Every structure is written in C-alpha cells, then in structure tokens.
Amino acid sequence: MSRADELVAWYRAHRRDLPWRRDPRPWPVWVSEIMLQQTRVESVLPYFARFLERFPTPAALAAAPIDDVLAAWAGLGYYRRARHLHQAAQQVVERHGGEVPDDPAAFAALAGVGRYTCGAVQSIAFGHRLPVLDGNVERVLCRLHRVEEDPRAPAPRRRLWDAASALADHAHPGEVNQALMELGATVCTPRSPRCLLCPLQAGCAARAAGVAEALPRKAKRKARPTITVVAGLARDADDAIWVARRPDDGLLAGLWELPGVEAPDAGVRHLAAVGLVGGGDATLVEHGFTHRIWAVHVYRARGTPTTAHHTAVRAVPEHALPTLALTGPALKALRACGVALPHRRGAGRKPLS
DNA sequence: AAAACGGGGAT
DNA sequence: ATCCCAGTTTT
C-alpha cells in the first residue's frame, strides 16, 4: 500500500462524524471550508447547520442583505470571509447559473477562494486531484519529511505543497486530504503527538530522529499593542440601547457596537466625538485580537450618538440586541454593565428581518 | 515579504 | 501569558 492508501484506510476507520461529511455536496463543503479557515471544528459546529438552513443554496446567500449574512456569522470572526462568500455566491449566480463550478480554475477565480479552499472543495466535492495545505497538513508533512526551516518561508512552502500534491494524486483525493487534516487534528498534534497511533509512524523522519515534538519550527509573533477605546452606554426615551454600525472596511467591518472611538487615554470627554455626554466611573472591558488588544472604557452616557465614526446608529430594545451582528467587545461591555444577553455566540439568534 | 483580519481552547 | 487553528487578501 502507498502512503496515501494507508492514510485513506486509517481515515475510513477513525474519522469523526462531522456534519459536512454527512452531506458532501459542493455548497455545504464550501461553506464548511470557509468557516473552518483559522477556526477550530468545535467553534464551527454551532454555526454550520444554522447558516445552511438560512442560506441553503448559493442563490439564497446571493439574494440576502449583507447584514443578514453578518448576523449569521457574528461571533465566528474574520468577517471578511462572510463578505467574500456572499460576493462569491453572487459570482456563482452570474457566471455559473447558481451551480458551484466543477472546475478548479473557475472555482479559484471566486472571491475568498485561495489555493487551500480550491483544493479542498474541488477534491472533496468533485474528486479533482488537488492538494490542500493548512496548518494541520503543514505540521504532518513537516514531521514526515523532517522540515526544520520555518514552513512559512517560500522554499519549504513549495516543498510542502509538492509533497501534498504527490499524496493527493490518488483515486480518492478528497479522502487523502481529509485524512491528512484529521491526522493533524487528532494524532499529529502540535504538542505531545500520539505517534504510536499514527499510520505514517514507520516512515516519519522526525519520529526517527526524535524531533517530532519540536516541529514545525515557526518564528514567534510580535507583541500586540494595547489600544484605548472609549464607548458610551446610552438609552433613548423608551429605554432602548443606542448601538452604532462600524465602517464597511477594516476591523469588525459592518458589525454593531456601543458608540465609541479609539482615544489616546481613558476619559469621558472623548464621548463628545460620538455625540454623547457621559459621567461617573468607567467599566473596563478588555478584548484581545490577533494583532492588538482593546482596553474599552465604557461610560454611562446621555444623548443621541452621531454617525461621525459609524455608518449608522439605532436604539435597540434589550430583547432585540441578539438579532444584530454585535462585536465581541460590545457583548462583553453590555454584560459587564449588567445587560442580560445570551452567553456566547447566540445559539438561538434569529435573523434580522 | 509583511500586515491585517476574530475568537476560543489548550498548555 | 503564549500558541495555535480546515487561510486569503491587501499593501
């Protein structure tokens, strides 16, 4: 048996029962692959079925307002993925009559589809012999071939794609690819790999050299700066809470939050930038992103916020807050100020009508 | 080549 | 605290 055969045999015996594997049609596979970018399986599970129920076809997604799409994505992160998928669905309607193209070049031309996603969807849904290289596969192959350089550098990168290509050149490329990812997720883990359970242990160069745990060697990330943000918790005459929609570009694009601004320091005076007047002590909420940390100082405030730093503002009754695509920091701020909300990622969140 | 882009779980 | 994850796009 070839290595790829061994992988497929292992995969068929040990694969997890995941929703997108029960329904390997192109659209669900595509949605799952986008959601799974930089995102763990456990985080995707609550979103996947709900998203497909609401947007069962590319045409259904293409016809939806972007705010509905963002509301369905709220809490998953990397919101540009949702915008690209929305745009790609419209491209599929325009260019391919609403059918996901069974054609790697046509598929790769769609918004948000890079080499990984193209290989994954086209191999799993259509059987094209294309490789995938994600964080899991990268780790498996770095160990299998004992790649000691930083795998993100160009030369090792090419070699890893070539190694993945050789494996995917198989009668069942979709299963080979999923086997590599499954192996990385469940056996060839970053720390404490379970080599005794691995179908590739006999041919693994890193294991032979005793360095499996040390690979891959990646450069450290830079420290994140902390940014001060000042926000106001204000209510209108009906006790509804004022929220503001972020710009359509950049961080948390198009999501709703408490009206506020980035400021050089904490201070109620900064609320004037969004048309509010505040008082009292601030409630401090911290939120870490990949590349920065927000220290949000939330003040009780009065007035009607302006749109100087936002695309829209509206006052929303507390019970209706979960229908909006709220930012993580906004959810934390509201809870810290005593506003009752569903706890993490709103599992009964209803669509915005 | 580097930076931007979320959030959560594991260690 | 740090690392990492079924990555892609923009600068």
Side-chain angles (χ1 to χ4, degrees), chain A residues 11 15-16 18-21 28-48 70 73-85 87-88 108-121 123-125 131-140 150-155 157 161 164 174 176-186 188-192 213 216-226 246-247 249-255 257 286-294 325-332 343-346:
Chain A
Y11 178 66
R15 67 180 215 165
R16 290 169 292 178
L18 301 173
W20 43 91
R21 291 179 175 163
V29 170
W30 183 7
V31 170
S32 74
E33 292 300 342
I34 299 297
M35 287 188 169
L36 287 161
Q37 288 172 8
Q38 299 291 288
T39 308
R40 287 187 160 74
V41 165
E42 311 79 65
S43 299
V44 169
L45 285 174
Y47 287 85
F48 177 73
L70 290 173
W73 206 272
L76 252 190
Y78 286 133
Y79 299 95
R80 201 161 51 177
R81 294 183 295 178
R83 293 175 175 275
H84 279 148
L85 189 57
Q87 183 184 350
L110 300 170
V113 178
R115 188 172 180 184
Y116 166 80
T117 305
C118 182
V121 174
S123 68
I124 295 169
V132 297
L133 184 64
D134 65 355
N136 283 317
V137 179
E138 176 185 276
R139 183 172 55 257
V140 170
D150 185 334
R152 286 171 293 198
R157 200 100 194 120
W161 274 109
V176 173
N177 287 337
Q178 291 183 89
L180 283 165
M181 295 190 279
E182 190 81 348
L183 192 62
T186 63
C188 195
T189 50
R191 285 167 287 269
S192 307
E213 295 201 39
R217 299 183 200 282
K218 294 187 186 178
K220 283 183 203 154
R221 281 193 334 199
K222 279 194 273 194
R224 298 172 293 179
T226 296
R246 292 179 59 80
D249 298 311
L251 185 66
L252 303 170
L255 272 64
E257 64 182 1
E286 289 197 302
H287 187 85
F289 299 96
T290 306
H291 56 303
R292 71 190 69 167
I293 299 169
W294 274 6
L326 286 168
T327 68
L331 285 170
K332 281 186 190 171
H343 201 263
R344 245 356 181 178
R345 39 165 151 335

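Order of the sequence lines fixes the chain letters, A, B, ..., with proteins taken first and strands second; residue numbering starts at 1 for each chain. Because the structure is predicted, anything quoted here is derived from the model rather than measured.
- In terms of phosphate contacts, A/K222 brings no side-chain nitrogen or oxygen within less than 4.0 Å of OP1 or OP2 of B/dA2.
- In this structure, A/F289 has its ring center under 6.0 Å from that of A/W294.
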### Query
What's the verdict on side chain to side chain donor-acceptor pair (under 3.5 Å) for A/E33 and A/Y116, showing C-alpha distance, side-chain angles and the deciding distance?
CA-CA 9 Å; A/E33 292 300 342; A/Y116 166 80; 2.5 Å; yes
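- For the pair A/W73 CH2 and B/dG7 P, the computed distance is 13 Å after rounding to whole Å.
- Of the inter-residue distances, the one linking A/M181 atom CE with A/I124 atom CD1 reads 5.0 Å to the nearest 0.5 angstrom.
- Computed from coordinates, the A/W294 CH2 to B/dC5 P distance equals 10 Å when rounded to whole Å.
- For B/dG6, the base has a donor-acceptor partner in the side chain of A/T39 [N/O atoms by modelled type, under 3.5 angstrom].
- Atom OH in A/Y47 sits roughly 10 Å away from atom C1' in B/dG6 (whole-Å rounding).
- Atoms CG and CG, on A/L326 and A/L252 in that order, are 11.0 Å from each other to the nearest 0.5 Å.
- Residue contacts for A/T117: at a heavy-atom cut-off of 4.0 Å it reaches the sugar-phosphate backbone alone, with no base atom in range.
- Counting atom types as modelled, A/T290 pairs a side-chain N or O with a base atom of B/dG6 as donor and acceptor under 3.5 Å.
- Nucleotides C/dC3 and B/dG6, compared at atom C1', are 15 Å apart to the nearest Å.
- Along DNA chain C, the nucleotide nearest A/V113 and the nucleotide nearest A/V41 are compared for position; the residue whose nucleotide lies closer to the 5' end is A/V41.
- A donor-acceptor pair under 3.5 Å is formed between the side chain of A/R81 and the backbone N or O of A/L76.
- Residue A/P154 is the one, among A/P154 and A/Y79, whose nearest nucleotide of DNA chain B lies closer to the 5' end (criterion: closest heavy atom).
- When heavy atoms are screened at a 4.0 angstrom cut-off, A/F289 is found touching the sugar-phosphate backbone but no base atom.
- A/H291 has no side-chain polar atom (N or O) that falls below the 4.0 Å cut-off from OP1 or OP2 of B/dA4.
- Across all strands, A/W20 comes closer than 4.0 Å to base atoms (heavy-atom distances).
- Without hydrogens or angle criteria, A/Y11 side chain to A/L180 main chain gives no donor-acceptor distance under 3.5 Å.
- Taking atom CD on A/Q38 and atom P on B/dG9, their separation rounds to 16 Å, with Å as the unit.
- As a whole-Å value, the separation of A/R191 CZ from B/dT11 P is 7 Å.
- When DNA chain C is scanned 5' to 3' for any atom under 4.0 Å from a heavy atom of chain A, the first and last hits are C/dC3 to C/dT9.
- Backbone-only contact: A/G250 has heavy atoms under 4.0 Å from sugar-phosphate atoms and none from a base.
- Taken to the nearest 0.5 Å, the CZ atom of A/R157 stands 4.5 Å off from the CG atom of A/L133.
- Following rounding to the nearest Å, A/R224 (CZ) and B/dG7 (C1') show an atom-to-atom distance of 11 Å.
- Residue contacts shown for A/R292 are limited to sugar-phosphate atoms, with no base heavy atom under 4.0 Å away.
- In this structure, A/V137 reaches neither bases nor backbone, as no heavy-atom distance under 4.0 Å exists between it and the strands shown.
- In terms of modelled atom types and a separation under 3.5 Å, the side chain of A/R115 and the main chain of A/V132 share no donor-acceptor contact.
- Atom P of B/dT11 sits at a distance of 14 Å from the matching atom of C/dA6, rounded to the whole Å.
- Side-chain atoms of A/R246 come within 3.5 Å of backbone atoms of A/L251 as a donor-acceptor pair (strictly under, hydrogens ignored).
- Separating the C1' atom of B/dG9 from that of C/dT8 is a span of 23 Å, rounded to the nearest Å.
- Between the CZ atom of A/R81 and the C1' atom of B/dG6 there is a distance of 8 Å, given to the nearest Å.
- Nucleotide B/dA4 holds its C1' atom 8 Å from the OH atom of A/Y78, rounded to whole Å.
- Here A/L252 lies in heavy-atom contact (under 4.0 Å) with sugar-phosphate atoms only.
- Among the protein residues, A/R157 comes within range of no part of the nucleic acid, since none of its heavy atoms lies under 4.0 Å from any strand.
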